Structure formats: C-alpha cells, structure tokens
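Both ligands and their constituent atoms are indexed starting at 1 by order of listing. All values reported here derive from a predicted model rather than from experimental measurement.
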Amino acid sequence: MTNDILKVLISEEEIKEKVQETGKQISEDYKDKNLLMVSVLKGSVMIMADLMRAVTIPARIDFMSVSSYGNGTVHTTLKILKDLDIPLEGYDLLIVEDILDSGRTLYALREMLKQRHPKSIRIATLLDKPERRVEDIQPDYYCFNVPDEFVVGYGLDYAEKYRNLPYIGILKPEVYSK
Ligand code: IMP
Ligand code: MG
C-alpha cells in the first residue's frame with residue numbers, strides 16, 4: 001500500500017499535534033454549550049475518533065452517511081444512507097468531516113440539518129482545500145490547508161482504498177491509470 005504513495009503530505013505526528021490543538025479549542029468554545037459531534041461516514045472516522053478524545057468537555061456523538069448528486073448548476077441534493085439516531089433540538093451541533101473540497105456535500109448537509117432546529121451548527125474538518133470551492137461555505141475549525149491535489153489516508157480514500165494509512169499522502173499518478 002505504501003508503495004503507491006508518491007509523498008507524505010502531512011505526517012502522523014503533525015496530525016496528532018494539530019488535532020489535539022483543535023480539540024482544546026473546541027473544548028473552550030463549547031464549555032457552556034450542549035455539544036453533539038456528528039461524524040459524516042466514512043471519511044471522518046479517524047478525525048472523529050482522535051478529535052473526540054481531544055475534547056475534554058462532555059460531548060455526545062452520532063454518525064450519518066450521505067451520498068450527493070447534482071448537475072453542478074444548482075445546489076447538490078443529498079441522499080441519506082444512514083440518518084442520525086437522535087433529534088437535534090437543544091444541541092450545539094458540530095459536523096465533523098474529512099475534507100471540505102467543492103463544499104457541495106457540506107453545504108447541502110448543513111442546510112438539511114438546519115431544518116431540524118439545533119441550537120447552533122458549526123463545521124470541523126481535517127482538511128480544507130479552498131482552491132476547489134464552489135459553494136459559499138467555510139470551516140469553523142480545520143486542521144490543515146491542502147493544495148489542489150487528490151490526497152488519501154487518515155480516513156480519506158481512493159476507490160475505497162488507503163483509508164487506513166495513518167498519514168495524509170499523495171498517490172503516484174500510475175495508481176489512477178491502473
Ligand atoms: P465536496 O466536494 O466538498 O462535496 O467533498 C465531497 C467528498 O469528496 C469529501 O467528503 C471526500 O469524501 C471526497 N474528497 C474530496 N476531495 C478528496 C481528496 O482529495 N481525497 C479523497 N477524497 C476527497
Ligand atoms: Mg467524505
């Protein structure tokens with residue numbers, strides 16, 4: 001698997017340090033709130049597992065899985081593959097994602113979840129790829145900015161592979177043409 005990696009963009013140690021820092025910030029910001037962390041499957045499993053352990057205040061967690069489709073001219077439509085288990089009223093919702101790329105998925109998801117009337121909604125993402133943004137959406141918390149390159153590892157996949165790499169890397173071009 002590591003033979004397919006051209007270069008390591010963000011090391012395991014760098015991720016660990018930054019996720020700790022982000023968890024500390026979230027703990028401060030939400031100390032008087034009713035934090036519910038929602039992980040968007042599957043890409044955010046790693047950041048969710050590490051970030052929730054870095055959060056030092058009481059927090060609930062839940063999981064959701066969506067697939068997006070759309071023609072690019074209108075806002076994306078979401079299909080819910082796995083919905084949340086609990087209603088959102090009274091919660092300060094923190095959506096935890098792997099990457100904010102075009103922003104289509106998170107824009108649509110945030111709009112949908114707003115309609116369930118949580119007290120507040122914010123977004124925490126491991127990676128932000130601002131060059132590719134199509135929708136008007138920014139993360140409230142992000143760990144790293146990445147250039148406009150396809151990255152894998154620490155939850156992120158290419159064709160469902162490489163999610164279990166402990167770092168963020170760039171794939172060799174020949175992997176795509178296989
Ligand atoms: P969006 O374009 O912001 O809607 O991103 C949708 C999804 O595309 C993300 O949640 C990721 O699962 C996936 N994605 C976007 N960029 C990358 C990447 O560089 N590597 C792996 N997955 C990506
Ligand atoms: Mg994803």
Looking at ligand 1, would [X] count as a contact under a 4.0 Å heavy-atom criterion?
X: R132; value: no
X: L156; value: yes
X: D157; value: yes
X: V152; value: no

Going by atom types only, do Y158 and D4 share a side-chain donor-acceptor pair under 3.5 Å?
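No, no side-chain donor-acceptor pair sits under 3.5 Å.
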Ligand 1-proximal atoms of [X], by part, heavy-atom distance under 4.0 Å:
X: V40; answer: neither
X: E149; answer: backbone
X: T105; answer: both

Within-cut-off N or O pair, G103 and ligand 1, under 3.5 Å:
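Between G103 and ligand 1 (N or O atoms, distance only) the closest approach is under 3.5 Å.
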Contact (N/O only, under 3.5 Å) between L106 and ligand 1:
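Min N/O separation from ligand 1 is not below 3.5 Å for L106.
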Any atoms of ligand 1 less than 4.0 Å from a non-hydrogen atom of [X]? List them with their elements.
X: V151; result: 18 (C), 19 (O), 20 (N), 21 (C)
X: E97; result: 10 (O)
X: S102; result: 1 (P), 2 (O), 3 (O), 4 (O)
X: R104; result: 3 (O), 4 (O)

Carboxylate-amine/guanidinium proximity below 4.0 Å for [X] and [Y]:
X: K16; Y: E13; answer: no
X: K24; Y: E21; answer: no
X: R163; Y: D98; answer: no

Measuring from I57:CD1 to L35:CG, what's the distance to the nearest 0.5 Å?
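Rounded to the nearest 0.5 Å, the CD1-CG separation comes to 5.0 Å.
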Does any part of the side chain of M48, heavy atoms only, come nearer than 4.5 Å to the side chain of V45, both counted from C-beta?
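Counting from C-beta outward, V45 and M48 never come under 4.5 Å.
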In the structure I gave you, are the side-chain heavy atoms of L126 and M46 within less than 4.5 Å of one another anywhere?
no
Which class fits the ring pair F150 and Y176: parallel under 30°, tilted 30 to 60°, perpendicular over 60°?
perpendicular
Whether the side chain of K129 engages the backbone of I99 through a donor-acceptor N/O pair (distance < 3.5 Å, no angle test) should be reported.
no
